[in-house]
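Take a look at the structure set out below.
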Protein chains: 2
Amino acid sequence: MSPSTYSISDLAGEFDVTTRSIRFYEDQKLLFPTRRGQTRIFSGPDRVRLKLILRGKRLGFSLAETRELFELWDESTTGSMKQLELLMTKIQEKKLALEQQLNDIAMLQLELDSAENRCLDAMNELNEEQTGLEQHDLALIRNAK
Amino acid sequence: MSPSTYSISDLAGEFDVTTRSIRFYEDQKLLFPTRRGQTRIFSGPDRVRLKLILRGKRLGFSLAETRELFELWDESTTGSMKQLELLMTKIQEKKLALEQQLNDIAMLQLELDSAENRCLDAMNELNEEQTGLEQHDLALIRNAK
DNA sequence: GAGGAAGTTTACGTAAACGTAAAGCATAAA
DNA sequence: TTTATGCTTTACGTTTACGTAAACTTCCTC
């Protein structure tokens with residue numbers, strides 16, 4: 001069974017980040033470990049938040065943005081009407097940004113595929129001079145993937 | 001017809017970046033404008049590269065990573081065999097990273113949808129006290145989207 | 001009880017990606 | 001001719017997200 005509390009190096013090891021980073025995230029109000037004496041004790045929810053922080057980073061989010069998302073999530077159950085409307089607006093904004101990212105990724109993927117094909121073509125040219133392989137054969141190789 | 005050369009402020013205006021940024025990108029070897037006297041003259045390919053730089057930023061790429069992608073693309077036609085193999089490796093790496101990003105985005109989208117629903121629920125609660133709307137009605141609203 | 005490993009705070013350092021003056025040329029309009 | 005506009009270089013400042021070192025406790029082991 002997975003434990004319900006974690007040391008700082010437990011988390012650092014599991015997610016391959018430095019303890020320095022984890023302490024920094026706490027300082028920035030993204031994690032809220034309790035203390036036993038001096039040493040930090042991280043909860044299950046803390047662990048989840050850390051995972052989300054790292055996912056945010058992979059998506060190019062600043063820590064401030066990620067914190068804002070956390071707050072959105074938390075306030076989504078407690079706000080006043082005025083608050084909630086603003087919340088909805090922000091959620092829509094984030095969703096739009098994600099759509100944009102999906103487009104960006106799709107285009108980049110196409111370009112990488114194109115570069116990959118170029119690369120295969122070039123390798124082909126070089127190889128053909130030595131092995132006498134035909135275009136035909138490389139088309140097979142290419143489509144095999 | 002679209003022009004084939006651009007001033008620095010043309011591009012700054014079109015893509016909503018500062019001239020400072022554009023000069024910085026040149027300094028970092030991401031753009032290569034020619035000069036007429038002192039002033040920079042940007043070509044069509046320069047304009048395309050700028051667009052790609054900004055797309056990279058939206059995806060959380062550093063300028064160094066974007067430059068690496070440019071180089072990948074350029075070298076994809078000129079390299080030696082050893083070069084080309086390394087190139088293929090890097091292309092695969094980028095493609096894997098993009099797959100990861102797609103996963104990350106999908107999960108974030110689910111969470112935003114969830115937050116959105118929470119938010120609608122909360123607004124419902126507040127509204128019901130005043131208007132007497134039923135759960136039933138809000139389900140309709142929610143599904144209408 | 002002398003390390004050694006893992007935790008802590010404090011604080012200065014750093015790389016990336018610009019922001020923000022300061023000061024100077026060029027050219028077109030008033 | 002002056003003034004405004006737009007471009008330039010040089011250079012120091014700023015924010016984010018940590019790295020890195022120093023100096024200190026705590027606990028375990030030998």
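Being a predicted model, the structure only gives us computed values, none of them experimental. Proteins come first, then strands; the chains are lettered A, B, ... in the order of their sequence lines, and each starts at number 1. All values below were derived from every heavy atom in this structure, side-chain atoms included, with hydrogens, water molecules and symmetry-related copies excluded.
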*asked:* Distance alone, cut at 3.5 Å: any donor-acceptor contact between the side chains of Ser43(B) and Asp46(B)?
replied: yes

*For Gln100(A) and Asp104(A), does a side-chain donor sit closer than 3.5 Å to a side-chain acceptor?*
yes

*Closest approach of Ser76(A) to Ala122(B) (non-hydrogen atoms, all atoms of both residues)*: O-CB, 3.9 Å

Please report the distance, rounded to the nearest Å, between [atom1] in [X] and [atom2] in [N].
X	N	atom1	atom2	value
Ile8(B)	dG6(D)	CD1	C1'	11 Å
Asp10(A)	dG7(C)	CG	C1'	12 Å
Leu63(B)	dA15(C)	CG	C1'	12 Å
Gln38(A)	dA5(C)	CD	C1'	16 Å
Phe24(B)	dC18(C)	CZ	P	7 Å
Asp27(A)	dC18(D)	CG	C1'	11 Å
Arg67(A)	dA17(D)	CZ	C1'	13 Å
Arg58(B)	dA17(C)	CZ	P	16 Å

Distance below 4.0 Å between [X] side-chain N/O and [N] OP1 or OP2:
X	N	value
Ser7(B)	dC7(D)	yes
Thr18(B)	dC18(C)	no
Thr19(A)	dA6(C)	no
Thr39(A)	dT26(D)	no

*First encountered from the 5' end of DNA chain D, between Ser9(B) and Arg20(B)*: Ser9(B)

*Quick one: label Tyr25(A) by what it contacts on the DNA or RNA (base, sugar-phosphate, nothing), any heavy atom closer than 4.0 Å.*
sugar-phosphate

*Base, sugar-phosphate, or nothing for Arg36(A), non-hydrogen atoms under 4.0 angstrom?*
nothing

*What about Arg40(A): does its side chain form a donor-acceptor pair under 3.5 Å with the base of dT8(C)?*
no

_From the set dT8(D), dC18(C), dA17(D), return the single nucleotide nearest to any side-chain atom of Lys57(B)._
dC18(C)

*So do Phe42(A) and Asp10(A) actually touch side chain to side chain, heavy atoms under 4.5 Å?*
no

_Taking Glu111(A) first and then Arg55(B), would you say they form a salt bridge - that is, a charged N and a carboxylate O separated by under 4.0 Å?_
yes

